[in-house]
Amino acid sequence: MLTPMLTIDRLGKDFGGIRAVAGVNLRVAANEILGLIGPNGSGKSTMVNLITGVFPPTGGRITFREEDITGWLPHQVLAAGIGRTFQNIRLFRGLTVWQNLWVAQGARAAGRGLFRRWLGIDRERLTQIEATLDFCGLGNKRDELAGSLAFGEQRRLELARILAADPELLLLDEPAAGMNVAEVGELRERILALRGRGKTVVLIEHHMELVMTVADRVAVLNFGEKICEGSPAQVQDDARVREAYLGVRRER
Ligand code: ADP
Ligand code: MG
């Protein structure tokens, strides 16, 4: 890998006595789709929260485009070009679809100190919103309240919201959760299209077929540690990975 877009060194996070992330090293190349999998509670969402500054790490370093972003606040991370979706959908339910995109865009602009410029109606900004609505199949829903959308549409809006801010790196936390087969198929096409447009994607998923068919590489977490990393085929063949998943099934 040439200079990675995102470099994570010995990242750790303790919550009281719980070691949620335990010294994880990870590299993400520009324009790559990296799958991040692992049983429930293995630290995937915590990784996303650490990268996006929801809370500071207990130890380790996060480097984005050769800049140390460890300990940066969420709006600074977004301004730098890292966008994320939430495992549990977090929309402004009382705002329209269009307004949700407008607000998300403003958040990135504000973090870059561009908010004053964008207070006026900026043509570039409107064009980006239109393109995003179109890309996510939400053009005919623009004036509907987010809270009134069907579940699959809310998932699409969760993605659209972050795309409106045009980040270079996307961290998608279980975007297929609760989707039907057709919706997962559309999501697959959308993720591949984003890569085609030069985006870099970290895809956290339990939907194995989706991960294994879109990811260039897959990393596996178990109890906060990275236990395996490789091509989808290599990871599927790995005994430690099978054990991690079967182990969880036994505990239930
Ligand atoms: P995953 O996304 O892989 O299911 P998480 O990152 O959500 O796993 O959780 C990893 C571990 O950290 C779990 O044991 C979880 O209970 C704990 N954890 C996550 N977030 C918090 C938090 N904000 N406070 C305390 N414990 C947390
Ligand atoms: Mg999670």
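Read the numbers this way: they start at 1 and go in the same order the structure lists the ligands and their atoms. In what follows, residues are counted from 1 in the order of the sequence shown. Computed over heavy atoms, backbone and side chain alike; hydrogens, waters and symmetry mates excluded.
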Extract all donor-acceptor atom pairs below 3.5 Å that involve side chains of residues 83-98 and protein atoms in other chains or at least two apart in sequence.
residue: Arg84; atom: NH1; partner: Asn49; partner atom: OD1; Å: 3.2
residue: Arg84; atom: NH1; partner: Thr52; partner atom: OG1; Å: 3.4
residue: Arg84; atom: NH2; partner: Asn49; partner atom: OD1; Å: 2.9
residue: Thr85; atom: OG1; partner: Asp173; partner atom: N; Å: 3.2
residue: Gln87; atom: OE1; partner: Ser45; partner atom: OG; Å: 2.8
residue: Gln87; atom: NE2; partner: Glu174; partner atom: OE2; Å: 3.4
residue: Arg93; atom: NH2; partner: Gly147; partner atom: O; Å: 3.3
residue: Thr96; atom: OG1; partner: Gln99; partner atom: N; Å: 3.1
residue: Thr96; atom: OG1; partner: Gln99; partner atom: OE1; Å: 3.3

Under the side chain to side chain contact (heavy atoms under 4.5 Å, CB included) test against Leu36, which residue among Val24, Val28, Leu203, Ile204 passes?
Ile204

Would you please name every residue forming a side-chain hydrogen bond (donor to acceptor under 3.5 Å, both in side chains) with Lys141, sequence neighbours left out?
Glu153

Looking only at heavy atoms, the pair that brings Pro57 and Thr70 closest together is CG-CG2, 3.7 Å

Going by chain and residue number, what protein N/O/S atoms come nearer than 2.8 Å to the Mg ion (ligand 2)?
Ser45 OG, Gln87 OE1

Verify the cluster assignment for Met47 and Val77: are they in a single hydrophobic cluster under the rule of side-chain heavy atoms below 4.5 Å apart?
yes

State whether a side-chain donor-acceptor pair under 3.5 Å links Thr213 with Arg188.
yes

Give the intermediate values and the outcome of side chain to side chain contact (heavy atoms under 4.5 Å, CB included) for residues Val218 and Leu34.
CA-CA 6 Å; Val218 178; Leu34 177 78; over 6 Å; no

Check each protein residue for a heavy atom under 4.0 Å from ligand 1 and list those that pass, ordered by chain and number.
Phe15, Ile18, Ala20, Pro39, Asn40, Gly41, Ser42, Gly43, Lys44, Ser45, Thr46

What distance do Ile191 atom CD1 and Leu210 atom CG have between them, rounded to the nearest 0.5 Å?
5.0 Å

Is it possible for you to check whether Arg125 lies under 6.0 Å from the centre of the six-membered ring of Trp102, through NZ or CZ, and within 45° of that ring's axis?
yes

